Amino acid sequence: MMTFFEKQTNPLDQAHHMGNLMVDNMYTSGTAGKKFFTHLKENDTFLASRCKKCGTTFFPPRLYCEDCFIEIPEEDWKEVPAQGTVRLFTIATLNTFGEKLDEPKVIGMIDIEGTDGAMLGYIETDETNKDLIGSKVKAVLREKKDREGTVKDIRYFQVL
Amino acid sequence: MTRKVCVIGVGNTDFNSMTPDVSWKEFMYEACKKAYVDAGINPREDVDSFITCAEDYWEGFSIFDEFVPDQIGAVLRPCCTVCGDGIQGLASAYMQIMTGLVDTVAVESHSKISDALSYGDVVLHAMDPIYEKPVAGQVERERFSGPSYPEKSPKPLVGKTDEKGRVHPYYIAGLEMQHYLRSTKTTEEQCASVVVKNKRNAYDNPMADYECSLIEDDVMQSEYLFKPVKELDISPLVDGAICFVLAEEGVAKNLGVEPIYLNGFGYSSETPWFSSRGMDAGYATMASKMAYKMAGIKDPKGAFDIIEVDDRFSYKELQHIEALGLAKPGEAAKMLENGELEKDGKLPTNISGGSLGIGNCLEATGLQRSLEIVTQLRGFAGKRQVKNPEVGLAQSWRGIPSGTGAAAIFSRYPEVKA
Ligand SMILES: [Zn+2]
């Protein structure tokens, strides 16, 4: 049929030596990250930080404005609801090995309310053919007792 | 007198989905040797400085720089790695030559991605580890808890089904393509035409690996993998190596080779935060503005006889043409429909076949595009030769999830006639 379907694509069929990288990393949360996730552990809302000079409200919150290149002090942090609007979405069908996922996943870029930022996250919906753009969604969080202070505490976004 | 920098030699391997017969060193040697023969020089004496463009994770080495000198002729010579696209390497070479410290610089870049068995995970690993990467899912394994390695050391990822739950990071392209289609009123069918054009162009490029005769329906009927990105919208991975030899123009005159001038270049990076960054290829706009200014080009429309832009996903070709200021938002698809992007059109685009037709060679993409421009300007492009081109533009992007791009302007003259 098509030429590119006939190519050899499994390099493991050829003479080779195996190798891999045994590497684990931890990533320091940072001052801003620690504040955000400590808050999320105890509350059902998000934190954002606002640059006084240009007015940009960063989400996820940051200690500095990348545009003005100045620090954002503590008093310019604010609490925002854990909800937003779907700016974009896609339906992912493959895993990192290029194989089919057990179930397709709807992933969205969610504009977080009261901020100029957004976050990537799963959208729980039965209607995969529906145009979700502009839909209001809210973050479904883990039960408070199960929260560990990572982004995984945000389980998914639910269409309101 | 101002120094002028030109290309005096190019060399490359074929581009293939796999290269099981040669090691990464052997095929880098092949590309470099061809470039040195093309320029008529001996690298052990005539090249003053060597640059490789590579990224450790693609290569599967720590400190890949150390594995480079022998196969490019650089043992015990000034040699360094630019961790970026090949055009960023050309920019470094240009600047080295302009200092007057060196006259001749070799720039090499390659993809041996068929050796990388964890491509999707390497790409995923390029995302913010705290807020963004975990969205795709994480490898759950024994926590590393002390200075010595844990007793139950993690098993290699290959072949373990329970470790395959992470979403392929190309979902980012699905989001971005949706944004492009909506904001410019471009259609999926028009993006399909990019695939048809580039895979057809690749038939006339002997080094391309993914040439194919398709119609738009074939593309439209291919499966949605990251809706609206379909299987055939994605450029497949390819192996290949390319080497450029740049020199001060006096070197070209002494060697008697016809110089192709590097008249301008630029590069730019978006913020890495998806939460804050634009989705309109701002990196390409800024990189090209820098290049136009350097080359003295006031209006890019009509300035180029041929362009090669990054098309790692079909929509990217159209998005990049617009970001480069060569079409208004939404008009690139109309140019394509009017035949303007064909070999005999007003703005021949990706006549090489692009990444869709040749294959995605990662950090070597910028050099692959530059190679086509230089080959065309020299008049050596054979069946795909554009009629008498004088000025060309090569543009590249570092791929998902990066927001970095570069552009380079080449011509047959020391100054571009604006
Ligand atoms: Zn600011």
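As a basis for the values below, the full set of heavy atoms in this structure was taken, side chains included, without hydrogen atoms, waters or symmetry mates. The structure presented is a predicted model; accordingly, all values stated were derived computationally and were not measured.
- No part of A:Y156 comes within reach of chain B, as not one of its non-hydrogen atoms sits under 4.5 angstrom from that chain.
- Using a 4.5 Å cut-off between heavy atoms, B:F61 makes no contact with chain A at all.
- Using modelled atom types, one finds no donor on one side chain facing an acceptor on the other under 3.5 Å when comparing B:T404 with B:S402.
- Looking at B:R182 and A:D131, a side-chain N of the basic residue comes within less than 4.0 Å of a carboxylate O on the acidic one, giving a salt bridge.
- Taking the side-chain hydrogen bond (donor to acceptor under 3.5 Å, both in side chains) definition, one finds that A:E74 meets it with A:K35, sequence neighbours left out.
- Residues passing the salt bridge (charged side-chain N to carboxylate O under 4.0 Å, His left out) test with B:E59: none are found, sequence neighbours excluded.
- Contact annotation for B:I172: only side-chain heavy atoms (C-beta onward) come within less than 4.5 Å of a heavy atom of chain A.
- Between chain A and the options B:A173, B:G120, B:S62, B:S23, heavy-atom pairs under 4.5 Å are most frequent for B:G120.
- Using a 4.0 Å cut-off between charged nitrogen and carboxylate oxygen, A:E124 and A:R155 do not count as a salt-bridge pair.
- Counting heavy-atom pairs closer than 4.5 Å to chain A, the top residue among B:A136, B:P20, B:P169 is B:P20.
- Ranking B:S114, B:P134, B:P129 against chain A, the residue ahead of the rest is B:P129, based on heavy-atom pairs under 4.5 Å.
- The pair A:K41-A:D153 does not meet the salt-bridge criterion, since no charged nitrogen lies less than 4.0 angstrom from a carboxylate oxygen.
- Residue A:T57 does not touch chain B at all, counting heavy-atom pairs closer than 4.5 Å.
- With a threshold of 4.5 angstrom between heavy atoms, A:I133 approaches chain B through side-chain atoms but not through N, CA, C or O.
- Contacts with chain B were tallied for A:E66, A:M26, A:H16, A:M119; A:E66 has the most, counting heavy-atom pairs under 4.5 Å.
- Looking at heavy atoms from C-beta onward, B:F313 lies out of side-chain contact with B:M177 at the 4.5 angstrom threshold.
- In this structure, A:A118 and B:S275 approach most closely via the heavy-atom pair O-CB, 2.8 Å.
- With chain A as the partner, the residue from B:L124, B:T271, B:D115 showing the most heavy-atom pairs under 4.5 Å is B:T271.
- Both the backbone and the side chain of B:I130 come within contact range of chain A, each with at least one heavy atom under 4.5 Å from a heavy atom of that chain.
- For B:Y224, the part sitting under 4.5 Å from any heavy atom of chain A is the backbone (N, CA, C, O) and nothing else.
- A:T150 is linked by a side-chain hydrogen bond (donor to acceptor under 3.5 Å, both in side chains) to A:E148, counting only residues two or more places apart in sequence or in another chain.
- Proximity to chain B among residues 75-95 of chain A is limited to A:R87, A:L88, A:F89, A:T90, A:I91, A:A92, A:T93, A:L94, A:N95, judged by heavy-atom separations below 4.5 angstrom.
- With a threshold of 4.5 angstrom between heavy atoms, A:T56 does not approach chain B through any atom at all.
- Taking a cutoff of 4.0 Å between a charged side-chain nitrogen and a carboxylate oxygen, B:D121 and B:K133 do not qualify as a salt bridge.
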Practice prompt. Take B:K316 and B:E176, measure what salt bridge (Lys or Arg N to Asp or Glu O under 4.0 Å) needs, and give me the verdict at the end.
Written response: CA-CA 9 Å; B:K316 277 288 186 186; B:E176 197 186 70; 2.8 Å; yes
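- Paired with B:D239 under the rule side-chain contact (heavy atoms from CB on, under 4.5 Å), one option of B:F15, B:F27, B:W24 passes, and it is B:F27.
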